Each structure stands twice: as C-alpha cells, then as structure tokens.
Amino acid sequence: MKTFCGRANPTTGSMEWFEEGEDYDYHQEIARSRYADMLHDKDRNVKYYQGIRAAVSRVKERGEKAIVLDIGTGTGLLSMMAASAGADFCYAIEVFKPMANAAVKIVEKNGFSDKIKVINKHSTEVTVGPDGDMQCRANILVTELFDTELIGEGALPTYEHAHKHLVQEGCEAVPHRATVYVQLVESRRMWSWKKLFPVHVEAEDGEKIIVPPSEMENCPGIPSVCDIQLNQMPSSDFTALSEVVTMFSVDFSKPVQSASTYYRVQLEPVKSGKAQIVLSWWDIDMDPSGMINCTMAPYWVKPTSALQWRDHWMQCVYFLPNEEPILQGEKLFLTACRDEYSVWYNLKKAREEEKKADEEEKKTDIGVESPVCRCRAHLLWNRPRFGELNDENRTRQYVRSLRKVLKTDSVCLCISDGSLLPVLAHYLGAKQLFKANHLEDKIKIIEARPELLKPSHLEDKKISVLVGEPFFTTSLLPWHNLYFWYARTAVSSHLASSVTVLPRSASLHVMIVEFQDLWRIRSPCGTCEGFDVQTMDDMINDSLNFRESKEAEPHPLWEYPCKSLSDPREVLTFDFTKTVPEHCLSTEGSVNLLRKGKSHGAVLWMEYHLAADISISTGLMEISNEKGNCEWNPHCKQAVYFFSSVIESETLSDPTAVTYAINFDTKTGEIAMDFKL
Ligand code: SAH
C-alpha cells in the first residue's frame, strides 16, 4: 500500500504530495494520538474502574454471567478492568489495526488472554452467533468513544448499532448516561473569533474606520465546534448571561437514536447583555445513581473541587448566528440542533417563539439548518486568524510601521493570505475619503503566484514597498511563514532598487520551559490503574522516532501554561532585504537554566521586525513574574520540541546548560533541531 500525504511546501507556499511508505500513516496517527493523555487521565480511569466494578456486581447479583462488550478498546484498559472486576468474558473491539495488535500484547502481558478476546473490526462489522465474533450478545456495554463535543467521534451511530445487534435488552452501560450543559455568555474576546470588528486606522488626516461588508456582518459563520481549554480563559474575558443549564442527556443503557434532532430549553438571563456565545461541556455518570461522575465543567462551575487536566476532552465554544441584545429576566429559548456528529445552537425570544408556534407547525420552525458561511470570510480565516485581525494593538503596530515607509506615490505589493494590509496601506497613503471600503480602483488583486508575476500585472511599474504580515494559511509551524522570504525572492526583478521591505527581517527564538500539564501528552505511562501498558509507551515512542530527526509540533501555548527555565534566546535571523541564500543557515550554542524545574522541552517562535523600533512577536509576549510564568501571543501556535528525557534542575548553584544545534534548510524551508541536556 502506498500513502500519499499532502503537505504545504514552505518554499512555494503550495500543497505538494509526497509518497510515503505504508507505515507512515499509522506512525503519524499514533505519534499524534491522545492515547497517552487518556492513560494519564487519572480521574477518568478511576471512575471508569468504579463504574465497571459496580456494573459487574449488579449483573452478578442478578445471578447472570457478566459478558462485556468494550467498543474501542484501545490498549484494552477497560476490558482488563472488567476482567479484574470479575467479568466472565470480554469482547474488546478495536478498529485501528496497530492498536488492536497492541491490545493483544497488553492483554497477554497482564494475564487476561483467556478472559478477553480482541477483535480488530469496526463494531458495526462484528457478528454474533455460534460462528460469529461474539458467541452471544453482551449484557455489559463499556465504551469510551467521546470527544470534546461528546458525539463528534461517532458515539451515537455506534451505540445505536450496538443496541440493535450486539447487546441484550436491559444491559448495563458504563458510562450509564452523558449530559450536555450550556451557559450563555457575552465575550468580546471569543466573539472576535467569529466577527471582523471595525478596524480603526489613525491616518495623517484623522481616523479612518474600515467596516466589514454587510454579507460578512450577517453571515452565520461555519458550523464546526471550537474546542478549547476553557480553564485558561480568565473570568474577566467573558460575562455569564445565564446560569449553567442542562441541554440534553443520552441514556446509553437504552436504545440510542442517532438521527438528527433538536433539544430546547427555556432560559432567563441573569444579566442583560449581548448574547453571542454558548459555552458547553458534558459529564458522564458511570452508574445509574449518578454517584460516579466525571465532568468537564470549567473552573467557575464548582470552584472548590480539584480540576483534572486533560487534552483529549476540553470544552466547546459555539457562536450564535448573530449577536442578540437580551434583558435580565426576559424569556428566551435556546435550541441545540444536532445531526449524527455535531451540534449547533440557536437563540430565540419567547415572543417570536410563541407567535411562530401559532402560525405554523413547531417542527418546521425548529428544524434549523446548520450554519453555512455565505460571505466566504469564515472559509478563508479560521478562528485564531479572526482574533488576530481584530487585535487592535497588532494593527496599530502595522499602521505605525506602514506610515513610516509609505508615500503618496508608493507602488505597494502585499504578499500574505487574506490580509488587511493593502487596505491599511491604502488608507495611509491616499488623500481621498471613501465610503464603506470601496477600493476596487485602488487595490488590485493579482491572481498569480509570485514567480509568475509579470510586468503587466504591475502596469510596468516597479514595486517601491513590499509588505507582508507575513501570514499564510498553509503554515503549520511558525517558520513556515518564511514563505514570504521565498516569494520576495521570486519577485526580485520587479522591485525598485530603493525598495522597502516590511518586515525588514525575522528572527527565530528559543526558550526552555517547564509545562504545567502539556508534558503529559508525550510522557510514558508505565502502568495505569495497576495494568502494565508499557507496550503502548514503546509503540508511541517508535512512532515518534519514525523520522530520523524528531519534529517540533505546533501548540497554541496560551492554552497550555508553562514557565520559562531559561531566558528567551534569538537563534537565527532572516534578512528580507536580501534574497534567500543558497546555503543553509545554522547555529549552535547553549542556554543556561535560570530557574529550578523540569525541562520538558523547548518552545520556538518567530518575531517580525517591521521597523527600527517595532516588532511583532508570534510567541512570547512577556515573562510575567519571577516564577517565570509566560504570556503567549493568543492568536498563534508556537512550536514545541519535547525533550526525550526530562532533566530536573534542583539547585542553581551549579548552573545547567542546554546546548542546541538548529539548521534552517533553505532548499526545503524546514528547520531541524537537536537539543542536549
Ligand atoms: N477504551 C480505551 C481507548 C479509547 S479511545 C480507553 O478508554 O483507554 C477510542 C478507541 O475506539 C480508538 O482506539 C478508536 O480507534 C476506537 N473506535 C472508535 N469507534 C469504534 C468503533 N465503532 N468500532 C471499533 N473501534 C472504534
């Protein structure tokens, strides 16, 4: 089997297809999987174990044999828990072949081979009967098929099928039920991930305001959920407009319907404000009594209870189609619509709702279509990008820098995806006033790749100012935006000899950090609730080392607190006033560890130097206290390179250093790195 993988080439900015060996796919899947994170989720594991023990006891008390069906067994963990709890037999279903193989090994190593049968199939392919995969239907159904949105990984159709074909009527289910909670909030910060706010530009002749077109203003956006670590959102960044409300529940011990449906609750706002966002999370009750509860509730819901950090289950942010002013105490209806795999929300005032109910059948009125972006901006800009474009401070830096270099007769070329820079540049250079950004005659969009740019595209003029943010939608890691440098090189022949390039240069920065929690996703588990899962650790490790050099991974660090153990260090610079050199750019050096702590890895990010005293950091904003707590650019992902072994610096009398070797390959646009502790 051959696998073709699409990857953006940072030197051309376009997608290229690579042929990869047959192992590639599954190594990628395992290396990036959340298995380690799940196995580190103590709260989840303990509660599953309690729930499974209770379910096995209930079945045994009825004098029945306990036959378990574990759908999506992964490492085999939940089946091993069931077998230890006294289950008579477990059918452990796993669709992903490398995982099913690992489960066989783990089950054997832990001595459960006679009690657990691993079946490498999708559950909907499993057969029951004397010659089938399962001898008989199970009376205990154990699964962990949930994502942050609960149903996004296909839990509903899987349950629906299992109840029809694989389990007995009246079976015990662990978890027994899931409940989805919502809270209506107003938040300028989160709303800025969906709406483009008016952009204020301080020009020579007064303030200009760039307003988004009306199609954008009225666009419902895209349906996909925005899942984040809501616990990193400070309470000052949003206002709760309602209490936490139960939206819907699913009882997994009864037949489940996956067909599209809706749920509606009545709300009374606790505060007047602008309804913009629905925050949502779920919990699962492992037993019918609800005594064993595992919740994703964020910090403000039960401030006294300890939070379990996890990355495989977070919280959801849903954007209402439009912002709605609401009054404290007024009657509102919030509707959650769902199909088999996703959920979206709608808010209506009770008055409208009652009127409509009179006029037509309720059903037709509620069947709300999933939101579809009509303005296309939501297809071009993802949520962090909206946030970035709405960042007033950032815009101010670009405006200040542009103002320094633009003249009324400047011929300006902008290379960046979906950028507002041309509009800013226009407002700063031209002396005319415009109504609603009608700039068709001032800004020309050239539909040509930089290397195919012809003099005629530029009306035979030479470019006097070349600008970029730079930002490209295909970039995964911070340095992929260096595509700007390659594009600048490709258009060299069109540049005036006195050209100004903005940014004039970029630099790559490195800092050694200790993560509060993120280390868990790449850390071996050894044993989990007494079961030896080292086979899994080895398998993840193999996959991480599949490539000769380990790769850095992108993570939005505002969601993952860490503290700096070293000073930030500028390690490479890229001079945009010159073309990309033929030779590689390499550097070696060492950074001293200044603080006590565990060195989990290095964080790398880019800074762009717009003018002599104006720089934009896409990474570290500041180190906020002596403890080394860091503040990161909230719109960008940073690169994280996890060290293969963690060093713990206890004393600082004997300063420890981390040495690095970093190489920017100008042919591929990729950065390879190595760190030694
Ligand atoms: N039960 C394990 C792993 C949970 S991860 C634990 O709790 O630690 C979910 C696993 O289910 C994944 O390995 C995925 O490949 C598998 N899976 C999801 N849907 C499935 C289905 N319908 N049939 C079989 N396997 C499935």
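A quick note: this is a predicted structure, and the numbers were derived from the prediction, not measured. Numbering starts at 1 and runs along the sequence shown. As a basis for the values below, the full set of heavy atoms in this structure was taken, side chains included, without hydrogen atoms, waters or symmetry mates. In listed order, ligands and their atoms are each counted from 1.
Close approach to G74 involves these atoms of ligand 1, each under 4.0 Å from a residue heavy atom: 3 (C). Within ligand 1, counting atoms from 1 as listed, the ones closer than 4.0 Å to a heavy atom of T158 are 22 (N).
Both the backbone and the side chain of E144 come within 4.0 Å of ligand 1, judged by heavy-atom distances. For V95, heavy-atom contacts with ligand 1 shorter than 4.0 Å involve the backbone as well as the side chain. Only the backbone of T73 comes within 4.0 Å of ligand 1, judged by heavy-atom distances. Under 4.0 angstrom from ligand 1, there are no non-hydrogen atoms of Y48. Using a 4.0 Å cut-off between heavy atoms, R44 contacts ligand 1 through its side chain alone, with no backbone atom that close. Under 4.0 angstrom from ligand 1, there are no non-hydrogen atoms of E153.
Looking only at protein heavy atoms, the nearest one to atom 15 (O) of ligand 1 is E94 OE2, 2.6 Å. Given atom 18 (C) of ligand 1, the protein heavy atom at minimum distance is L145 CD2, 3.4 Å. For atom 5 (S) of ligand 1, the closest non-hydrogen atom of the protein is M38 CE, 3.6 Å. Among all protein heavy atoms, the one lying closest to atom 23 (N) of ligand 1 is S123 N, 2.9 Å. Looking only at protein heavy atoms, the nearest one to atom 11 (O) of ligand 1 is G72 CA, 2.9 Å. Protein heavy atom at the shortest distance from atom 12 (C) of ligand 1 is Y35 OH, 3.4 Å.
Counting heavy atoms only, H122 comes closest to atom 21 (C) of ligand 1 of the residues H122, M99, K121.
For K47, the NZ atom counts as densely surrounded, since its 6.0 Å shell holds more than 12 non-hydrogen atoms of other residues, nucleotides or ligands.
Residues W381 and F386 place their aromatic rings such that the two centres sit under 6.0 Å apart. Taking the ring centroids of W605 and W632, they lie under the 6.0 Å cut-off.
In this structure, I140 and C171 have side chains that are not in contact, with every pair of non-hydrogen atoms separated by 4.5 Å or more. Contact check for Q168 versus I67: no side-chain heavy atoms found under the 4.5 Å cut-off. In this structure, M314 and I228 have side chains that are not in contact, with every pair of non-hydrogen atoms separated by 4.5 Å or more.
For residues 117-152, the set of pairs meeting the ring-ring contact (aromatic ring centres under 6.0 Å, His included) definition, not counting sequence neighbours, comprises F146-F252, F146-W282.
Contact analysis leaves R34 out of contact with ligand 1, as no non-hydrogen atom separation drops below 4.0 angstrom.
Of the possible donor and acceptor atoms, one in the side chain of H600 sits under 3.5 Å from a partner among the backbone N and O of F515. For the pair S79 (side chain) and D70 (backbone), a donor-acceptor distance under 3.5 Å is absent.
Counted by atom type alone, H27 and E29 present zero donor-acceptor pairs between their side chains at under 3.5 Å.
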